[in-house]
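In what follows, chains are A, B, ... by sequence order, proteins preceding strands, each numbered from 1.
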Amino acid sequence: MAHAREDEWLWGWDPTPGIVSVWAEPDGRAFVWRRLPGSGALVREDVRFRPWLLLASLENLTHLGARLRPEHEGPAPHRVTWQELEGPGALRYVVRADDGRMLATAVLQGAARRLGHPVGNLRELGAHAVLSLPPEEQYLVASGRTYFRDLGFDDLRRMQFDLETTGLEPQHDRIFLVAIRDADGKTDTLEAHGDSDAAEADLLQRLVARVRAIDPDVIENHNLHGFDLPFLAHRARLLGVTLALGRAGTPGLRQRPAARGAAPGRGGPGHDAMRRARYTVPGREFIDTLDAVRRHDFSTRELPGHGLKAVAQHLGLSSPEREHIPGAQVYEVFGSNPERVRRYARDDVTEAAGLARMLGGAAFALARMAPRRYERLADAGPATGVIDPMLVRAYLREGAALPAHEPGDGTPHSGAALHLFATGVARHVVKADVASLYPSLMREYRIGPKRDRLGAMLALVDRLVEQRLAAKARARAAPSGSPERYTNEALSAAMKIVVNSAYGYLGAGGLTRFADVHAANEVTRRGREVLRLICNELARRGVTLLEADTDGVYFSVPDGWGEADERRVVSEVAELLPPKVRLEFDGRYAAMLSHEPKNYALQPYDGALILRGVAFRSSRAEPFGEDFLRRALRCLLAGDIPGVRGAYVETVTALRRRTLPTLSVAAHVRLTKTPEQYLAARRRELPYEAMLASGQKHWASGEQVRVYRAVGGRAALLPEPEAGDNGGDPRDYDAEFYARQLRETFAARLVRALAPEDFAEVFADPEQPSLFAPSLANARPILTVLREPETEGEPPGLSADNFP
DNA sequence: CGTTTCCGGGG
DNA sequence: GTGTACGGAAACG
């Protein structure tokens, strides 16, 4: 096979199927859990591996004398063997021993002797001197095995659990209910019998017993690592319960270093102890759907928020009967209506399971490639977390010395092109974009890290792009909803993640092993060049450019053009680009409001309004403003200016007559400071003032409340509406404040769409009639051209020597 | 008005 | 095993 070597770099080489979990100890023991093909039965293999390290020199091991010997003389008990890798990389000695702790101790003792002071940890020697992977990764890199070969996502035994607690702080609050979904999809709840320590401890023990009975390969939930596991660990420690959740080894959760979580230098000390921890257990993988959601939204940028309910709703996973209870009320409701809380908690695990399946396939597919545990790949950044381990494996497989991290030379990193050509409303809009622009440029112009002498990065990108096309084709050929379709779509998503982060890896300063700012800048320079060529060539063909960003362009076409004409100009321009740079027709829209760079609204020919950019989709926006904006935009993009006026007048009037419920002006906010912290800070903030004004002197950090500005500039707290209870609405909001907000923050987003006199007319105060007769019947939205594409006198696009 | 601080998730 | 990035909104000066 032509690419056998490169396929080994990408997939590893050991064909062992069905691995669902790997646990290794520093002493050289590895436990491998596999599901057998066919039966799906679980087996555990106990194997030995030789722990290894990469060193820049052997100077810290010379004190071993005869106990240090070359690898080719073969391993022997209590000996350290060494092997020199070939080529110029700094990390050039692989040293191995039967026991990794003995190996590390030998290096540390040698370093201490040489440096004249004790050295406690290999990391103290620096990344330029030593590379030491966690034991599982040492095992996977050396063996060429990976997770999940010949296994489908649905072959995994997955369970979900979700804690219901009396509050957010495990120091004071209790777990009173746990919803469970087993591997066959059956849900139920476990509950504490009473509110004593003993009752809670008994609940935790029953949870542990259920997990062991279900015996899942994977445990999933939304914010599992940020909430459920740390909360559970804390309560178990307080109550003296042992969490024997693993499949081997000593019982209890183990901590691993956090990948995501606490931001240092911000927030109070100890305040995010919950977020810092990542727990792990032998034989099972903890998967947090919040990680999958973030990874997904990073590329799509279309989610309204990252909370479970919002995401499930958005992705169509919520059932119409989905039970909702505001977090702060769950425990209270449990007292009066426990059945409601049970339904709510079961709905939570059901949605978490659905989310995990819908978005979790990418991490699953990554685990078939990269030599890391599945749970680490699920929360890893793609550059250091996925690409780097693959490159390390490739270099070791080839016996090649590995470069160490090197600081940049101070060259700044230059970015992508962003052009706003016109603002306002345009009709007949087309979006064209280049599929995977940066990877295509890297491939087309062979731009890779200078120190990657094997060319492994470009080889990986080449193979991934080719194999991704094949996976997409297989997905298309498979019946919709089939495991075959799912697997190949997930594979394609995983490959896209890796391919698209190759560029990020290059540009990551001194953070990645093969970082190369010059190469990264060459990629962006080519990208800007390509985008400019696309814009110029489109403009020459008679379209009006609207916005171009990195790899795509929106433009509007003359009246009378049909879809065939639109596609024709795109393919004409596509013909002018280098072979691996593929410009594609990405969509067509009836109209677009171009507001600011990366902020626009699109009206499809049929279908719902699409809002992009934070100006149009702020999660904290008050509902009345959001509703107004959607109504106004729909009218605006249909050319109906009187309709925009109507929406505005209605909203202002409803505010002033207080026919809008207080709920629609209230903001849903989270209290992140304790009363003590707030009172100690000088800064006054509306939500806390509202708490204090309502007489509440105690609250927990993390509590969510609805606040609004009441008459007289007062901060006020809106009591959470009980189901079916609308009588308690105070309706004392400051109508003029919200009328001003409607004009200044919401209507303002339409400012580019109208001539100034029309804008003034449309958003004139309805109670202060203007002197001029309304003339909106003839008003039209406007488009303002800000700049013309560079046509003359510019370099004629890409330099000729780059074309075949 | 420009600058600084805070936010994202879970009960 | 270390990092989020980023852009908006509200409060401050």
Side-chain angles (χ1 to χ4, degrees), chain A residues 121-123 127 131-134 137 162-170 172-177 221-232 256-267 272 274-275 278 288-291 293-295 297-298 301 303-311 325-334 341 344-345 348 352 372 376 379-381 383-385 388-389 405 504 508-512 596-599 613-622 667 669-673 681-689 700-704 709 741 745:
Chain A
N121 193 301
L122 287 175
R123 247 176 309 147
L131 170 67
S132 165
L133 297 181
E137 295 175 23
D162 185 53
L163 306 184
E164 300 303 327
T165 66
T166 60
L168 290 166
E169 291 172 42
H172 324 295
D173 298 312
R174 286 192 191 284
I175 301 168
F176 67 90
L177 183 147
N221 195 22
H222 201 64
N223 207 13
L224 179 70
H225 286 296
F227 181 72
D228 300 85
L229 288 176
F231 201 109
L232 184 62
R256 69 173 161 103
R260 152 170 77 79
R266 157 148 77 81
D272 23 32
M274 290 257 294
R275 314 175 71 192
R278 286 255 151 162
D288 190 337
T289 49
L290 182 55
D291 292 320
V293 163
R294 288 173 172 163
R295 189 177 263 172
D297 200 35
F298 185 78
R301 299 169 154 271
L303 293 176
H306 293 171
L308 176 64
K309 284 91 186 161
V311 177
I325 306 175
Q329 288 172 35
V330 171
Y331 185 51
E332 185 188 318
V333 172
F334 187 65
V341 174
Y344 166 74
D348 269 8
R372 300 195 107 175
R376 291 207 69 186
D379 66 47
T384 56
D388 202 61
H405 290 66
L511 293 174
T512 54
E596 280 172 8
K598 296 177 188 285
N599 282 277
V614 249
F616 291 111
R617 39 187 320 122
S618 162
S619 60
R620 279 189 290 188
E622 295 77 1
V669 298
R670 173 192 313 279
L671 304 174
T672 56
K673 299 186 180 101
R682 291 174 54 241
R683 191 185 182 86
R684 302 297 87 177
E685 296 175 59
L686 185 74
Y688 301 95
E689 292 303 308
S701 162
E703 194 169 326
Q704 289 187 31
R709 195 173 291 266
Q741 193 185 50
T745 81

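Comparing C:dG1, B:dG11, B:dG9 against the side chain of A:Y344 picks out B:dG11 as the nearest. Listed nucleotides C:dG8, B:dG10, B:dG11 differ in distance to A:N599; the shortest reach to its side chain belongs to C:dG8. Of the candidate nucleotides C:dG1, B:dG11, B:dG10, B:dG11 has the atom lying nearest to any side-chain atom of A:D348.
Spacing between atom CZ of A:R278 and atom C1' of C:dT2 amounts to 14 Å, rounded to whole angstrom units. Remark: C1' of B:dG11 and CG of A:L224 are 15 Å apart, rounded to the nearest angstrom. Distance A:L308 CG to B:dG11 P: 8 Å, rounded to the nearest Å. Put simply, CG on A:L168 is 10 Å from P on B:dG10, counting in whole angstrom units. Going from atom CG of A:N221 over to atom P of B:dG10 covers 10 Å, rounded to whole Å. What separates CZ of A:R294 from P of B:dG8 is a distance of 10 Å, to the nearest Å. Atom pair A:L303:CG and C:dA5:P shows a separation of 20 Å (rounding to whole Å applied). Separating the CZ atom of A:R123 from the P atom of C:dG3 is a distance of 11 Å, rounded to the nearest angstrom.
Heavy atoms of A:D173 sit nowhere under 4.0 angstrom from any nucleic acid atom. The residue A:I325 sits apart from the nucleic acid: no heavy atom pair falls under 4.0 Å. Among the protein residues, A:D388 comes within range of no part of the nucleic acid, since none of its heavy atoms lies under 4.0 Å from any strand. Nucleic acid contact class of A:R372 (heavy atoms, under 4.0 Å, all strands): base.
A:D297 meets the salt bridge (Lys or Arg N to Asp or Glu O under 4.0 Å) test with no other residue; sequence neighbours excluded. For A:E685, the salt bridge (Lys or Arg N to Asp or Glu O under 4.0 Å) partners are A:K673, not counting sequence neighbours. Considering only residues two or more places apart in sequence or on other chains, A:Y344 meets the side-chain hydrogen bond (donor to acceptor under 3.5 Å, both in side chains) condition with A:K309. Not counting sequence neighbours, A:R295 has no partner by the salt bridge (Lys or Arg N to Asp or Glu O under 4.0 Å) test. For the side-chain hydrogen bond (donor to acceptor under 3.5 Å, both in side chains) test, no residue two or more places apart in sequence or in another chain qualifies with A:R709.
Comparing C:dT2 with B:dG8, their P atoms sit 23 Å apart, to the nearest whole Å. Taking the C1' atoms as reference points, C:dG3 lies 23 Å from B:dG10, given to the whole Å.
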Can you tabulate the close N/O pairs, meaning under 3.5 Å, that link protein atoms to atoms of nucleotides 10-13 of chain C?
unit_1	atom_1	unit_2	atom_2	d
C:dA11	OP1	A:L686	N	3.0
C:dA11	O4'	A:R683	NH2	3.4
C:dA11	O3'	A:R684	O	2.9
C:dC12	OP1	A:R684	N	2.4
C:dG13	OP1	A:R682	NH1	3.2
C:dG13	OP1	A:R682	NH2	3.2

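Classified by interplanar angle (parallel below 30°, tilted 30° to 60°, perpendicular above 60°), the ring pair A:F334/A:Y331 is parallel.
Each of A:D291, A:L290, A:D288 was checked for a side-chain contact (heavy atoms from CB on, under 4.5 Å) with A:D379, and the lone residue meeting it is A:D291.
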